[in-house]
Q: 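Mind looking over this structure? Questions follow.
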Amino acid sequence: MAKIQMKTPLVEMDGDEMTRVLWKMIKDTLILPYVDLKSEYYDLGLAHRNETNDQVTVDSANATKKYGVAVKCATITPNAARVEEYHLKEMWKSPNGTIRAMLDGTVFRAPILVEGINPYIPGWKKPITIARHAYGDVYKNTEMRVDAGCKAELVVTHPDGTETRELIHDFKTPGIIQGVHNLDKSIESFARSCMNYALDLKQDLWFATKDTISKKYDHRFKDIFAEIYEAEYKEKFEAAGIEYFYTLIDDAVARTIRSNGGYIWACKNYDGDVMSDMVATAYGSLSMMTSVLVSPDGVYEYEAAHGTIQRHYYKYLKGEPTSSNPVATIFAWSGAFRKRGELDNIPELVDYAGKLEEATIQTIRDGVMSGDLAALCTIPNKQVVGTEAFMAAIGERLAALLA
Ligand code: NAP
Ligand code: MG
């Protein structure tokens, strides 16, 4: 069989530890036999980030802006222990944080559903995609403890030096205060990313805040979404037969539990942090989630939501058997191939991406799976296999589908 030809290169960001091992296995077993892979390779492994003073991360983000589609392996975010382990020059920042800041993106996370791995909420038949705003609010806050007898105020200093003040609280007894902010332009990008993604997936978009209580802050989010929807997206949504739906955050939570899924839920930063863990857990686990960063100008970076599976890697280094789950990393590749195929008009590449996903799901449905899935799965006669055997089983099914 002739290999599938690509036009534009994919930006390939290699990573660390067990996921780096999975990355190579996926390429060798599931990709290179079928696709004449055109990629621009960036090694974001921690050793190479350290050698390049993290320039490689910046370069990979710039390449993503240039070519439009990237696929990223999980990477170590260094802490003190890693500085020692890898003899780092400094505690380099999280690559995901750097890339997200450069692409100004929104992260969309959705569960990968397989019959036999049942959500804890039986009504959830279709995936719920969480879109998390990744800027500001409590993640960029300033906080203070306040003593009794102090008065706390919000002060805004204008360019001409004049001040606007508002009382926060007159403290008769000790307490705490917190200052948070967001930016219109960041909220606007968030809104556009969500609306573009809803059009891509042809799914309804929900958005929720606490605007009844937060009449300026949360209300600004609500207004910006509404203005952008009316001005730029209403007609496109109607043509696609999808809906933009705004409600209060508490109502959204209640409706989500009652829903059958199948929509995108745009969340403010904190709501998205909390709700994505709830949704991932309710559907199964992080190793069964897809994750894609979408920038407002339509650049896509696909990745797995989990980390580098450090514990498994140390076992692997000692030659002990491992049973790591490659599904999220495989779906990062398939997502990137599908998008590249759509943008470059290569139907064979889109078809290959679909079959790669089908082969993966079929393998699990046939009862062949990694240890973490076996713990969740109700399929009879399930068989827990090692990392290599799982990959080989997917490879056999993929070969059959593509034959
Ligand atoms: P982790 O890699 O997500 O793994 C935590 C535990 O979850 C594993 O020990 C394993 O449990 C289970 N697990 C996660 N993914 C799995 C998979 N695909 N297959 C099977 N089991 C899986 O988190 P971590 O070990 O705490 O973090 C390791 C490194 O990842 C850290 O340096 C962190 O900075 C980095 N990280 C990177 C990203 C990213 O690049 N997107 C995200 C998060 C964390 P058992 O050991 O019980 O089997
Ligand atoms: Mg969280």
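Note that ligands are numbered from 1 as they come in the structure, with each ligand's atoms numbered from 1 the same way. These figures come from a predicted structure and were not determined experimentally. Computed over heavy atoms, backbone and side chain alike; hydrogens, waters and symmetry mates excluded. Numbering starts at 1 and runs along the sequence shown.
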Q: Closest non-hydrogen protein atom to atom 3 (O) of ligand 1, residue and atom name please, with distance?
A: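 Looking only at protein heavy atoms, the one closest to atom 3 (O) of ligand 1 is Gly307 N, 2.9 Å.
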Q: Against heavy atoms of Thr77, which atoms of ligand 1 measure under 4.0 Å?
A: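 Selected atoms, number and element: 32 (O), 34 (O).
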Q: Might you confirm whether atom OH of Tyr139 has over 12 heavy atoms from other residues, nucleotides or ligands at distances under 6.0 Å?
A: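 Atom OH in Tyr139 is packed in, count exceeds 12.
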Q: Within a distance of under 4.0 Å, is there any protein heavy atom near atom 20 (C) of ligand 1?
A: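 True for atom 20 (C) of ligand 1.
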Q: Which bit of Asn325 is near ligand 1, meaning a heavy atom under 4.0 Å away: side chain, backbone, both or neither?
A: both
Q: Which residue and non-hydrogen atom of the protein lie closest to atom 46 (O) of ligand 1, and at what distance in Å?
A: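 Looking only at protein heavy atoms, the one closest to atom 46 (O) of ligand 1 is Arg311 NE, 2.5 Å.
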Q: Which atoms of ligand 1 are found less than 4.0 Å from any heavy atom of Asn96?
A: 39 (C), 40 (O), 41 (N)
Q: When only distance counts, is Ile76 in polar contact with ligand 1, meaning an N/O pair under 3.5 Å?
A: no
Q: With a cut-off of 4.0 Å, which atoms of ligand 1 are near a heavy atom of His312?
A: 10 (C), 20 (C), 21 (N), 45 (P), 46 (O), 48 (O)
Q: Measuring from Met369:CE to Leu376:CG, what's the distance to the nearest 0.5 Å?
A: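 Answer rounded to 0.5 Å: 9.5 Å.
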Q: Who's the nearest protein heavy-atom neighbour of atom 13 (N) of ligand 1, and how far?
A: Ile309 CG2, 3.9 Å
Q: Only heavy atoms of Lys72, strictly under 4.0 Å: list the atoms of ligand 1 that pass.
A: 40 (O)
Q: Is the closest heavy atom of Thr75 to ligand 1 under 4.0 Å?
A: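 Contact check Thr75 vs ligand 1: positive.
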Q: Near Ala74, which atoms of ligand 1 are under 4.0 Å from a heavy atom of that residue?
A: 40 (O)
Q: Angle between ring planes, Tyr352 versus Tyr34, binned at 30° and 60°: parallel, tilted or perpendicular?
A: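 Tilted: the ring planes of Tyr352 and Tyr34 meet at 30° to 60°.
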Q: Pair Phe190, Phe225 - check ring pair (Phe, Tyr, Trp, His ring centres under 6.0 Å), show working.
A: CA-CA 9 Å; Phe190 174 47; Phe225 265 69; 5.3 Å; yes
Q: Please report whether atom 32 (O) of ligand 1 has a protein non-hydrogen atom at a separation of less than 4.0 Å.
A: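 Under 4.0 Å from atom 32 (O) of ligand 1, at least one protein heavy atom found.
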Q: Might you check, step by step, whether the distance between atom 7 (O) of ligand 1 and some protein heavy atom is under 4.0 Å?
A: no
Q: May I ask you to list the atoms of ligand 1 that are less than 4.0 angstrom from any heavy atom of Arg82?
A: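 Counting atoms of ligand 1 from 1, those under 4.0 Å from Arg82 are 29 (C), 31 (C), 32 (O).
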Q: Go through ligand 1 atom by atom and flag the ones less than 4.0 Å from a non-hydrogen atom of Glu303.
A: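 Ligand 1 atoms under the 4.0 Å threshold to Glu303: 41 (N).
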Q: Ligand 1 and Ser323, any nitrogen or oxygen pair closer than 3.5 angstrom?
A: no
Q: Considering only the protein, which heavy-atom contact is closest to atom 25 (O) of ligand 1, and what is its distance?
A: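 Heavy-atom neighbour on the protein nearest atom 25 (O) of ligand 1: Gln310 N, 3.6 Å.
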Q: I need the single residue from Met102, Arg49, Lys93, Met13 that forms a side chain to side chain contact (heavy atoms under 4.5 Å, CB included) with Thr57. Which is it?
A: Arg49
Q: Is the contact between Met18 and ligand 1 made by the side chain, the backbone, both, or neither, using heavy atoms and a 4.0 Å cut-off?
A: neither
Q: Do you know which of Lys27, Lys72, Arg340 makes salt bridge (charged side-chain N to carboxylate O under 4.0 Å, His left out) with Glu12?
A: Lys27
Q: Could you tell me whether the side chain of Glu303 reaches within less than 4.5 Å of the side chain of Ile99, counting heavy atoms only?
A: no
Q: How are the rings of His133 and Tyr135 set relative to one another: parallel (under 30°), tilted (30 to 60°) or perpendicular (over 60°)?
A: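 If you compare the ring of His133 with that of Tyr135, the planes turn out tilted.
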Q: Can you tell me how far apart CG (Leu22) and OG (Ser324) are? Round to the nearest 0.5 Å.
A: 5.5 Å
Q: Is it the case that ligand 1 has an N or O less than 3.5 angstrom from some N or O of Ser324?
A: no
Q: Would you kindly check if the NZ (Lys) or CZ (Arg) of Lys268 is within the cone defined by 45 degrees around the ring axis of Phe221 and under 6.0 Å from the six-membered ring centre?
A: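 Flagged: Lys268 positioned over aromatic ring of Phe221.
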Q: Hey, what's the ring geometry for Phe237 with Tyr233, parallel, tilted or perpendicular (30° and 60° as the breaks)?
A: perpendicular
Q: Look at atom 29 (C) of ligand 1 and say whether a protein heavy atom is found at less than 4.0 angstrom from it.
A: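 Neighbour list for atom 29 (C) of ligand 1 includes protein heavy atoms (cut-off 4.0 Å).
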Q: Report yes if some N/O of Thr308 lies less than 3.5 Å from some N/O of ligand 1; otherwise report no.
A: yes
Q: Parallel, tilted or perpendicular: which describes the rings of Trp333 and Trp23, with under 30° parallel and over 60° perpendicular?
A: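 Tilted, since the angle between the ring planes falls between 30° and 60°.
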Q: Within the 4.5 Å heavy-atom criterion, are Asp43 and Arg20 side-chain neighbours or not?
A: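 Answer yes - side chains close enough.
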